[in-house]
Amino acid sequence: MRAFTHPISVSEQFPKSSRILPFHQHQQSIMAASCVNMRPRTFTLSHHGKQRTGTLLRWRSSMTIVSMSTNKIDIPIMVNGSNGKMGKAVIKAADSAGLQILPVSFGSPDESGQTIQVCGKDIKIHGPSEREGVLASVFDEHPDLIVVDYTVPAAVNDNADLYSKVGVPFVMGTTGGDRERLYKTVEDSKIYAVISPQMGKQVVAFLAAMEIMAEQFPGAFSGYSLQVLESHQAGKLDTSGTAKAVISCFQKLGVSFDMDEIQMIRDPKQQIEMVGVPEEHLSGHAFHMYHLTSPDQTVSFEFQHNVCGRSIYAEGTVDAVIFLAKKIQSKADKRIYNMIDVLREGKMR
């Protein structure tokens, strides 16, 4: 592994020569031309009473997207939690990909009976008391149905129980709940499912690379100190699960670090002025920076991944749906998958 002297962004950027340029993944049906302006922003990290000033790169881009294909993918999907920000993002991505979005969704009791419009489609929301009858009816009409779940943590297990009871395959992007029970429910029912708390393909690939490095080179960073800064929208009160996963890899690599040392930035003013989050993405972003320093202060490594908006997770969810549909069609022996499995397939859009 080589020392990068500039931050790595696994979601939007990658190092090229001595500077960071935006990386836009080319898809089969999309051609994008972009103009990018990089703006450095300074930040300060605290670690055991010591402070270090660094630079986060803020990017702005104007993008023109031209559709190159009108092919439809004949997969009917039901997006539960469609009134939420992730649900709407998934519907938008699925619509662009040509999936068949059904006009029904599960929501909270307060949302029951409402009809919302997303991407020009009217979607009726059904409350908890209607779930089983509605799902069974929709599945009977659309036997190739795949459910996408972006509801709330408290609903994860009840929803999975219902999907398993009716026999509907699903993609679970909702975090939380009793995960052990979730996997056992799916395993016992023998239905197909993709379950992953992180749907961003590039972030998952970065995490996988970190895990491989930690497994193959334990102790490689022994003695190094670690500083971690993570910024998310103000509504996210808990510490990033992605940050915890990366830190656990560094711990296996020999770094001593306690999770309570993570600098969590939730104040919008600090996010703009210190972290460099674009103002239009204050309500939905994930900026992470990991800084490693050698004991004698002569060597440093920085890893940075910045996500603006929710499109990275929505696109990954659509890939997971397409992946799952292929596994069902081929009658694969394995039934429960995660985003690593989707990445390994190597046929993402």
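All residue numbers refer to positions in the sequence shown, counting from 1.
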Please assess H232 against H288 for the test side chain to side chain contact (heavy atoms under 4.5 Å, CB included), listing each intermediate value before the final yes or no. CA-CA 9 Å; H232 288 261; H288 291 207; 2.9 Å; yes
Just by distance, do the side chain of S248 and the backbone of A245 share a donor-acceptor pair under 3.5 Å? yes
Nearest heavy atoms of K88 and S82, plus distance in Å: CG-O, 3.2 Å
Strictly distance-based, threshold 3.5 Å: is any side-chain N or O of E279 a donor or acceptor partner for the main-chain N or O of I272? no
Between Q100 and D74, does the side chain to side chain contact (heavy atoms under 4.5 Å, CB included) criterion hold? Intermediate values first, please. CA-CA 6 Å; Q100 181 185 357; D74 192 20; 3.7 Å; yes
When you group the ILVMFWY residues by side-chain heavy-atom contacts below 4.5 Å and let the links chain together, are I101 and Y313 in the same group? yes
Between K334 and D341, does any side-chain N to carboxylate O distance fall below 4.0 Å? yes
Using the rule that two of Ile, Leu, Val, Met, Phe, Trp, Tyr join whenever any of their side-chain heavy atoms come within less than 4.5 Å, decide whether M86 and L102 are in one cluster. no
With sequence neighbours excluded, what pairs up with I328 under the side-chain contact (heavy atoms from CB on, under 4.5 Å) test? I146, P169, Y192, L324
Just do the side chain to side chain contact (heavy atoms under 4.5 Å, CB included) check on H142 and M78 with the steps written out, would you? CA-CA 10 Å; H142 301 277; M78 175 182 179; over 6 Å; no
Using a 3.5 Å distance criterion without hydrogens, assess whether the side chain of E130 forms a donor-acceptor pair with backbone atoms of G127. yes
Taking 4.0 angstrom as the limit, do K92 and E315 come out as a salt bridge? no
Which heavy atom of I91 sits nearest to which heavy atom of I123, and what is that distance? CD1-CD1, 3.5 Å
I'd like to know if K236 pairs up with D238 as an ion pair, taking the criterion as any Lys NZ or Arg NE/NH1/NH2 lying under 4.0 Å from an Asp or Glu carboxylate oxygen. yes
Neighbour count above 12 (heavy atom, 6.0 Å) for E180 CD: no
Take F221 and F301 through the ring-ring contact (aromatic ring centres under 6.0 Å, His included) test and state the conclusion after the steps. CA-CA 10 Å; F221 285 91; F301 293 78; 5.1 Å; yes
Aromatic centroids of F323 and Y337 separated by under 6.0 Å: yes
In this structure, which one of D149, L135, V79 forms a side-chain contact (heavy atoms from CB on, under 4.5 Å) with F106? L135
May I ask whether M172 and L145 are part of the same hydrophobic cluster, defined by side-chain heavy atoms of I, L, V, M, F, W, Y residues being less than 4.5 angstrom apart, directly or through others? yes
Y290 and side chain to side chain donor-acceptor pair (under 3.5 Å): which single residue from H305, Q227, E302 fits? H305
Counting only N and O atoms by type, is there a donor-acceptor contact under 3.5 Å from the side chain of S189 to the main-chain atoms of T185? yes
Please confirm whether the backbone N or O of D260 pairs with a side-chain atom of D258, one donor and one acceptor, at under 3.5 Å? no
Assess whether side chain to side chain contact (heavy atoms under 4.5 Å, CB included) is satisfied between N159 and T174, documenting all intermediate values. CA-CA 11 Å; N159 285 353; T174 312; over 6 Å; no
